[in-house]
**Student:** 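Below you'll find the structure I mean.
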Amino acid sequence: MELPSFVEQKDGLNLPFRIADIIAKKRDGLPLSAEEIRHVVQAATRGHAQDSQLGALLMAVRLCGMDPQETLALTKEFVASGCVLQWPTEWNGVLVDKHSTGGVGDKVSLPLAPALAACGCKVPMISGRGLGHTGGTLDKLESIPGFSPQQSPAQMLEILRSVGCCIVGQSKDLVPADKIFYEMRDVTATVDSLPLITASVISKKVAENISALILDVKFGEAAQSPTLEEARILAKSLVNAGVSLGIPTSALVSNMDSPIGRCVGNTLEVKEALECMEGAGPGDLRELVIHTGGHLLWLCGQASSESHGSEKIAKALDDGSALQCFREMLEVQGVPSDIARTLSSTSKLRQASHQELLRVKKSGTVKLIRAKPIAEILNALGAGRSKANDPINHSVGAELLVSLGQHVEEGDPWIRIHYENPQLQDEQREYLQEAICIAELPCFIPLPLIREIIPSQCNKEDVPAMRREGEIN
Ligand code: URA
């Protein structure tokens with residue numbers, strides 16, 4: 001009997017793996033072989049695995065973890081599901097990218113990709129959509145009319161030649177397996193899995209065929225890793241996988257308790273990213289963009305030190321060259337010229353029909369603004385998805401009107417919620433009020449967001465065996 005192409009042979013016998021057996025093995029806490037991982041990834045990519053099977057396997061991985069060999073095998077199979085991009089040899093050394101493990105209000109990629117391009121780098125950024133309660137770069141960009149994240153490898157080459165950066169999504173050519181697993185994780189409560197995050201992030205970067213990578217690994221209440229220690233383990237896993245697959249990779253570990261910047265929600269975040277590219281905008285956003293970019297320029301040899309790299313990025317934000325690259329990128333990725341060429345933080349993008357201010361209930365100092373409840377309510381109002389492929393409402397969002405460490409008086413407005421349909425409900429207003437923590441404290445200057453750097457020359461012995469996910473919680 002002729003076996004279908006997705007059926008693999010085992011020990012020379014015509015004994016195909018059965019996906020149910022692979023799920024059972026992982027369910028029972030056993031490591032999967034590279035062949036078993038290949039089988040399941042190929043079956044998923046070719047449409048031969050049922051959604052229920054993939055969901056069960058993801059949950060088994062989420063609960064039982066994967067060791068570094070399995071994680072690397074999964075990463076390689078994600079890469080092999082599509083193509084590895086090919087670039088002119090003269091670009092060796094300047095092909096770079098940044099990726100974050102996901103945050104609330106995290107719009108860093110929007111100014112950073114064009115700022116790096118303005119500094120002479122080539123940035124073929126493959127990004128994602130919102131995952132869990134965190135926002136996605138592609139969703140943010142799609143709030144700009146006409147923007148298309150679907151670009152073929154040939155189009156990406158052209159865009160990198162003419163503009164220097166592009167921001168695209170997974171596709172049938174680019175890590176299609178990650179697209180399938182990523183969307184399924186989002187709706188099966190399996191986002192916060194160390195091996196799944198590692199394979200998802202690093203496979204995209206290996207497919208990009210870049211010369212250097214910087215990762216922003218978030219920790220905190222609104223991150224996939226609640227504590228600094230857990231983020232450090234994830235960062236080491238990511239750096240180790242990147243380095244093992246040939247990419248000099250460093251990771252920053254940064255805090256994600258409060259939203260980055262003042263805006264959360266797709267359209268509002270684009271406007272704030274534009275402010276950053278105009279040399280203005282919130283200080284914490286600018287700090288992250290400058291330090292992440294500075295480190296990357298140093299890592300790929302385009303700056304003599306991190307601070308030299310940071311100065312170059314700051315200049316690209318301040319002199320308008322990053323904004324110019326961003327506008328050019330938008331135009332070649334489908335945004336009508338009249339919009340792309342003039343887009344600025346004051347441009348009219350579609351606004352939500354309703355805006356409502358919430359007020360602080362007591363006087364004191366703003367100790368914390370919790371990002372997670374804000375993100376959860378915005379997602380319920382339509383800013384995020386509850387099912388893969390759900391449409392989202394780009395205009396839903398929130399603007400913070402107060403800063404950490406500032407004094408507020410009872411009755412001061414602290415957040416403006418933008419919503420349409422569904423309307424903001426009373427329980428949601430109450431829940432949002434839990435996001436602002438006011439204390440009797442002197443005013444203070446918040447700590448810098450970046451707390452640690454995991455350098456590229458990561459010794460493999462340093463990387464602890466990946467924890468079984470059950471042990472984290
Ligand atoms: N970004 C990704 O691409 N994948 C993840 O799993 C998390 C963040």
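Bear in mind the structure is a predicted one, so any value in this text is a computation, not a measurement. Start at 1 and go down the list; that is how both ligands and their atoms are numbered.
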**Student:** With a 4.0 Å cut-off, would you call Asp257 and Lys372 a salt bridge?
**Tutor:**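 Salt bridge absent between Asp257 and Lys372.
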
**Student:** Whether Arg416 and Glu399 form a salt bridge (side-chain N of Lys/Arg under 4.0 Å from carboxylate O of Asp/Glu) is what I want to check.
**Tutor:**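 Salt bridge: yes.
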
**Student:** Between NZ of Lys76 and OG of Ser203, what distance do you get to the nearest 0.5 Å?
**Tutor:**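 Reported value, rounded in 0.5 Å steps: 13.0 Å.
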
**Student:** For a quick check: using heavy atoms under 4.0 Å, what are the residues in contact with ligand 1, sorted by chain and number?
**Tutor:**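 Heavy-atom contacts below 4.0 Å: His99, Ser100, Thr101, Leu131, Tyr182, Arg185, Ile197, Ser200, Val201, Lys204.
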
**Student:** Do the side chains of Lys26 and Glu70 get close enough for a salt bridge, i.e. N-O under 4.0 angstrom?
**Tutor:**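 So Lys26 pairs with Glu70 through a salt bridge.
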
**Student:** Applying side-chain hydrogen bond (donor to acceptor under 3.5 Å, both in side chains), can you list everything that pairs with Glu420, at least two apart in sequence or on another chain?
**Tutor:**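 side-chain hydrogen bond (donor to acceptor under 3.5 Å, both in side chains) list for Glu420, sorted by chain: Arg350, Asn393.
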
**Student:** Run through Asp106, Asp216, Thr134, Thr292 and flag the one making a side chain to side chain donor-acceptor pair (under 3.5 Å) with Ser100.
**Tutor:**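 Testing each of Asp106, Asp216, Thr134, Thr292 against Ser100, the sole residue satisfying side chain to side chain donor-acceptor pair (under 3.5 Å) is Asp106.
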
